[in-house]
Amino acid sequence: VGVLSMMSVVSLTAADTPYALLVKKGKPVQYDKVTEPIKGLYGAKDNLDGPGLENKYFAVFFPILSGRIYCDLIGKRQYVPAIEKFKKNTKRHAFHDWGTDIFPSGGSGGFGISSFAVVHDGQQVTPEWETIESIEISILSDLAEDSSIRLKFNGWYIANETIEVEWTVSTHWEARWVKHTLQFPKGFDQELHLGVTRHLENYSTDKASAMIYGLGDQTYKNVKPRQVLTALKGDPKTFVDFFTEGKNSGLIAKPDEAGRVVFYTSASWAGEPSPLFLEEDWTAKLFQGID
């Protein structure tokens, strides 16, 4: 009876642990529609101020209440669920035993661990409040084996037209990657930049697999250890080339006929229990198990 009772407790605890989360005014919600940045809307100062999700190795979140909408990175010191801790007053820039926010977006113009831009008239144009009517945020699934969130940009004025764009982000507990699916209107044919904030001088590229990665001191200066691996992989069918512009590096892609683009991001921090880049032949393991 004691063993069965313990198993029940473990199952209940696992079921109650969210692996994707949106906290609004201190409480988790499944959906929200935001029409403008409102200071303090999503919980305590420095907390998760937008949606986020995680796998075993790292968590990502979207600080949507800033001027730009991008993706940031939480590195883990322990392979434990961490995103649920943002239900409480837990500052992401503090040094917790489970981890911390490690990756600086580089201020204005930085893509964070991942974001995208439409290239129009030779300029990168990212989703910003000034050109968007509203953002709808949905937690599609908060399960360990399938965590998924969606950000829908309504009324985005871009490339001389007003469109709707969906950014769906997903992962699962054993994955060391996050999948990003961008859905533009059918026929939208502008080039896209899918990128990461560039903290290193040089990055390695692989055109055949549409992959770019960098390994070095890419963390906040007060984060120790500083070494972190960041990587992006695109779909060879929509991949065009690589780019380096301003604070960002990454992939150039064009939507397919249905207006869809898929890419993946990955990370590994030296402060985690088993950094990927210390394993033999680690580059071949970067995006194992993707669709």
Side-chain angles (χ1 to χ4, degrees), residues 34-35 37 50-51 60 62-64 66-72 105-138 149-170 178-198 203 205-212 230-265 290-291:
V34 189
T35 57
V60 297
F62 297 80
I64 65 167
S66 63
R68 298 172 300 109
I69 297 91
Y70 59 98
C71 188
D72 222 333
S105 66
S108 178
F111 274 16
I113 190 64
S114 180
S115 189
F116 69 95
V118 174
V119 181
H120 180 60
D121 288 340
Q123 299 294 318
Q124 288 185 157
V125 185
T126 58
E128 297 181 351
W129 282 108
E130 289 80 1
T131 56
I132 295 174
E133 292 178 2
S134 66
I135 303 175
E136 292 182 74
I137 312 162
S138 302
I149 61 178
R150 182 175 62 219
L151 288 81
K152 183 180 179 184
F153 305 116
N154 297 312
W156 184 19
Y157 184 74
I158 179 70
N160 298 321
E161 59 181 319
T162 300
I163 62 175
E164 293 182 353
V165 178
E166 292 185 354
W167 184 3
T168 303
V169 188
S170 58
V178 169
K179 179 180 180 180
H180 304 260
T181 303
L182 296 173
Q183 184 63 59
F184 288 83
K186 185 177 180 179
F188 189 84
D189 62 355
Q190 299 285 327
E191 279 196 350
L192 307 176
H193 282 185
L194 317 171
V196 63
T197 301
R198 182 168 62 96
Y203 287 80
T205 58
D206 181 345
K207 281 196 171 183
S209 59
M211 182 169 69
I212 180 171
T230 55
L232 294 91
K233 178 176 172 56
D235 181 351
K237 295 178 182 178
T238 57
F239 171 74
V240 176
D241 205 345
F242 302 101
F243 80 91
T244 295
E245 183 175 330
K247 296 180 178 178
N248 303 310
S249 284
L251 313 168
I252 303 174
K254 293 199 74 172
D256 62 18
E257 292 181 355
R260 188 170 180 261
V261 172
V262 174
F263 69 107
Y264 299 82
T265 56
I290 65 174
D291 297 340

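Residues take their numbers from the sequence shown, with the count starting at 1. Source: prediction; values computed, not measured.
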Engineer: Among residues at least two apart in sequence or on other chains, which ones pass side-chain hydrogen bond (donor to acceptor under 3.5 Å, both in side chains) with T131?
Structural biologist: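 If we apply the side-chain hydrogen bond (donor to acceptor under 3.5 Å, both in side chains) test to T131, skipping adjacent residues, the hits are W156.
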
Engineer: What's the separation between atom CZ in F263 and atom CG in L232, rounded to the nearest 0.5 Å?
Structural biologist: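 Going from the CZ atom of F263 to the CG atom of L232 covers 6.5 Å.
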
Engineer: Please step through side-chain contact (heavy atoms from CB on, under 4.5 Å) for the pair Y70 and S114, ending with a clear verdict.
Structural biologist: CA-CA 6 Å; Y70 59 98; S114 180; over 6 Å; no

Engineer: Quick check: does any side chain N or O of T265 sit under 3.5 Å from a backbone N or O of K179, one acting as donor and the other as acceptor?
Structural biologist: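 Answer holds: no.
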
Engineer: Quick check against the 3.5 Å criterion: does T197 have a side-chain atom that pairs as donor or acceptor with the backbone of G112?
Structural biologist: yes

Engineer: Looking at CD1 of I69 and CH2 of W167, how far apart are the two atoms once the value is rounded to the nearest 0.5 Å?
Structural biologist: 8.5 Å

Engineer: List for me each residue that meets side-chain hydrogen bond (donor to acceptor under 3.5 Å, both in side chains) alongside T230, sequence neighbours excluded, and say none if there are none.
Structural biologist: Q218

Engineer: If you round to the nearest 0.5 Å, how far is OG1 of T168 from CZ of R260?
Structural biologist: 9.0 Å

Engineer: About how many Å separate CD of Q183 and CZ of F153, when rounded to the nearest 0.5 Å?
Structural biologist: 13.5 Å

Engineer: Would you check if the side chain of K233 reaches a backbone N or O of S209 as a donor-acceptor pair within less than 3.5 Å?
Structural biologist: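 Yes: the side chain of K233 pairs with the backbone of S209.
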
Engineer: Look only at the side chain of N248 and the backbone of F111, and say whether a donor-acceptor pair between them is shorter than 3.5 Å.
Structural biologist: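 Answer holds: yes.
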
Engineer: Taking atom CZ of F239 and atom NZ of K254, what is their separation to the nearest 0.5 Å?
Structural biologist: 14.5 Å

Engineer: Measuring from atom OG of S115 to atom CZ of F62, what distance do you get when rounded to the nearest 0.5 angstrom?
Structural biologist: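 Reported value, rounded in 0.5 Å steps: 8.5 Å.
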
Engineer: More than 12 foreign heavy atoms under 6.0 Å from CD of E161: is that the case here?
Structural biologist: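 Check passes, neighbour count above 12.
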
Engineer: Taking the side chain as every heavy atom from C-beta outward, state whether W129 and V34 have any pair of such atoms under 4.5 Å apart.
Structural biologist: yes

Engineer: Could I get the full list of side-chain hydrogen bond (donor to acceptor under 3.5 Å, both in side chains) partners for Q124, not counting sequence neighbours?
Structural biologist: H193

Engineer: Taking it one step at a time, do V118 and L192 satisfy side-chain contact (heavy atoms from CB on, under 4.5 Å)?
Structural biologist: CA-CA 5 Å; V118 174; L192 307 176; 3.8 Å; yes

Engineer: Within the side chain of R198, is there an N or O that forms a donor-acceptor pair under 3.5 Å with the backbone of T244?
Structural biologist: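 Not confirmed, R198 side chain does not pair with T244 backbone.
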
Engineer: Looking at residues at least two apart in the chain, or sitting in another chain, which of them share a side-chain hydrogen bond (donor to acceptor under 3.5 Å, both in side chains) with T205?
Structural biologist: none

Engineer: Going by the salt bridge (charged side-chain N to carboxylate O under 4.0 Å, His left out) test, which pairs reach into residues 180-194, not counting sequence neighbours?
Structural biologist: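 Residue pairs passing salt bridge (charged side-chain N to carboxylate O under 4.0 Å, His left out), neighbours aside: none found.
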
Engineer: Which pair of heavy atoms, one from E164 and one from P185, lies closest together, and at what distance?
Structural biologist: O-CD, 3.6 Å

Engineer: Verify side-chain contact (heavy atoms from CB on, under 4.5 Å) between I163 and Y157, making sure each step is shown before the conclusion.
Structural biologist: CA-CA 6 Å; I163 62 175; Y157 184 74; over 6 Å; no

Engineer: With sequence neighbours excluded, what pairs up with D206 under the salt bridge (charged side-chain N to carboxylate O under 4.0 Å, His left out) test?
Structural biologist: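 So D206 forms no salt bridge (charged side-chain N to carboxylate O under 4.0 Å, His left out) with any residue.
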
Engineer: Walk me through whether L251 and F242 qualify under side-chain contact (heavy atoms from CB on, under 4.5 Å).
Structural biologist: CA-CA 5 Å; L251 313 168; F242 302 101; 3.6 Å; yes

Engineer: For a quick test of reading the model, state the closest non-hydrogen atom pair linking V60 to C71 and the distance between them.
Structural biologist: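 For V60 and C71, the tightest heavy-atom pair comes out as CB-SG, 3.6 Å.
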
Engineer: With respect to V261, which candidate in D235, D256, L194 satisfies the side-chain contact (heavy atoms from CB on, under 4.5 Å) definition?
Structural biologist: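 Option passing the side-chain contact (heavy atoms from CB on, under 4.5 Å) with V261: L194.
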
